[in-house]
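All figures in this text were calculated on a predicted structure; none of them were measured in a lab.
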Amino acid sequence: MVFTHCATTKSATIQYTVEMCLANPDTCASYEEKENFDNLCRTGCPNYGHKWSCPPFAPLFGDFASNWQRLYIIFAHADLMQFSYIKNDYLKVKAANSILKSRADRFIREMARLHGSCISTGSCRLCKPCRRKIGMPCAHPDLMAYSFEALGVDVGRLVEGCFGKPLLWYQRKCPPQYTSVVCGILTNEELSLEYLQESYLKYIVD
């Protein structure tokens, strides 16, 4: 399933593409590299040890998904050429990611409420600051969401395997052609891709 949608901001109307596919959680577990990704988080991410949704607190994907029969993976991406009105290349990526993440998170949380659970586009953003930072238990353990990366999944290999496209990353003075977000819906229900598209368009209304 592939469709395009537009997001209207104060500065422009941005078109982006949403791709969805159905995967078996057991198949997705084959992309696990938990130890490797925990080490990357430990050395390169300020959230390590400071958010309940992040390593070392995030479980292994296979354990987290063990009670679910279906995984619907969502891959949303936007061409950065549309952000020519922003002069700084890194800020173009941030602007695009903000558009993609906010809409994807709105959609998957509604789907989780109706049909099961979700895997987010990044670290949980329900509380600011996360209560882990002040030495307290998670305030919303039933709503907290993990990302694929936090669960130890190599998202680059996952996207290549499911959608045949590479993840592209910002490099200094060399912006990627597009930026993207990846998230998922875990459920025991059979949801048609047409239903998911209709629901996406319903719940991400600007």
Side-chain angles (χ1 to χ4, degrees), residues 18-21 23 25 27-68 70-78 93-94 96-113 115-133 138-163 165-170 178-187 200 204:
V18 179
E19 303 189 41
M20 301 184 187
C21 75
T27 301
C28 190
S30 67
Y31 296 106
E32 286 174 357
E33 294 185 22
K34 189 73 165 69
E35 183 177 352
N36 181 38
F37 279 90
D38 279 8
N39 285 334
L40 290 173
C41 289
R42 181 184 298 111
T43 58
C45 182
N47 289 333
Y48 183 87
H50 296 291
K51 280 197 171 188
W52 288 117
S53 63
C54 294
F57 311 111
L60 188 66
F61 173 83
D63 295 335
F64 180 73
S66 62
N67 293 325
W68 305 105
R70 294 178 174 85
L71 170 64
Y72 293 89
I73 303 171
I74 298 95
F75 172 52
H77 47 95
V93 175
K94 287 192 68 174
N97 280 341
S98 177
I99 289 171
L100 297 175
K101 284 187 175 184
S102 61
R103 287 154 180 79
D105 284 344
R106 217 176 303 163
F107 168 61
I108 61 171
R109 284 200 173 276
E110 188 61 28
M111 291 294 98
R113 184 184 71 82
H115 301 293
S117 186
C118 66
I119 299 172
S120 76
T121 59
S123 62
C124 184
R125 297 179 287 275
L126 288 178
C127 303
K128 294 182 179 180
C130 175
R131 292 200 174 186
R132 169 63 191 171
K133 291 183 178 180
C138 177
H140 304 286
D142 295 336
L143 296 176
M144 182 182 67
Y146 302 103
S147 67
F148 277 113
E149 294 92 339
L151 296 168
V153 174
D154 184 333
V155 182
R157 289 175 54 217
L158 176 69
V159 169
E160 285 270 14
C162 294
F163 302 102
K165 292 183 175 69
L167 287 186
L168 302 180
W169 306 98
Y170 173 80
Y178 59 84
T179 190
S180 57
V181 298
V182 184
C183 53
I185 301 162
L186 287 161
T187 182
Y200 182 92
I204 58 87

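- Note that SG of C127 is 9.0 Å distant from CG of L143, once rounded to the nearest 0.5 Å.
- Scanning for salt bridge (charged side-chain N to carboxylate O under 4.0 Å, His left out) contacts around K165 gives E19, with sequence neighbours left out.
- Among all heavy-atom pairs drawn from L186 and P25, the shortest one is CD2-CG, 4.3 Å.
- Within the 4.5 Å cutoff, the side chain of V159 has heavy atoms near those of the V155 side chain.
- Contact record, K101 with T121: CG-OG1, 3.6 Å, taken as the closest heavy-atom pair.
- Pairing each heavy atom of A150 with each of D38, the nearest pair is O-OD1, 4.4 Å.
- The closest side-chain heavy-atom distance from F61 to C28 is below 4.5 Å.
- Rounded to the nearest 0.5 angstrom, L40 CG and E33 CD are separated by 9.0 Å.
- Counting heavy atoms from C-beta on, the side chains of S180 and L167 come closer than 4.5 Å.
- Residue C41 holds its SG atom at 8.0 Å from NZ of K34, rounded to the nearest 0.5 Å.
- Of the possible polar contacts, none joining the R42 side chain to the G49 backbone as a donor-acceptor pair under 3.5 Å is found.
- The aromatic rings of H77 and Y178 sit tilted, their planes meeting at an angle between 30° and 60°.
- Between L100 and A76, the closest heavy-atom pair is CD1-O, 3.7 Å.
- No donor-acceptor pair closer than 3.5 Å links the side chain of T179 to the backbone N or O of A96.
- A donor-acceptor pair is defined here as one N or O able to donate and one able to accept, closer than 3.5 Å; such a pair exists between the side chain of R103 and the backbone of I99.
- Scanning both residues, K51 and C124, for their nearest heavy atoms gives NZ-O, 3.0 Å.
- When every heavy atom of M144 is checked against every heavy atom of S53, the shortest pair comes out as SD-N, 3.6 Å.
- In this structure, the separation between CG on L71 and CZ on F148 is 5.0 Å, given to the nearest 0.5 Å.
- Side-chain atoms of F75 and C21, non-hydrogen and from C-beta on, never get closer than 4.5 Å to each other.
- F57 pairs with exactly one of Y48, W52, F64 by the ring pair (Phe, Tyr, Trp, His ring centres under 6.0 Å) rule, that one being W52.
- At a threshold of 4.5 Å between non-hydrogen side-chain atoms, the residues S120 and C183 do not count as touching.
- Counting heavy atoms of neighbouring residues, nucleotides and ligands inside a 6.0 Å radius, atom CD of E35 does not exceed 12 of them.
- With hydrogens and angles ignored, the 3.5 Å screen pairs a side-chain donor or acceptor of S102 with a backbone N or O of S98.
- Atom CZ of R109 sits about 4.5 Å away from atom CG of L126, to the nearest 0.5 Å.
- In this structure, R157 does not pair ionically with E160, as no charged nitrogen and carboxylate oxygen lie closer than 4.0 Å.
- Atom-to-atom distance recorded for I119:CD1 and E149:CD is 10.0 Å, nearest 0.5 angstrom.
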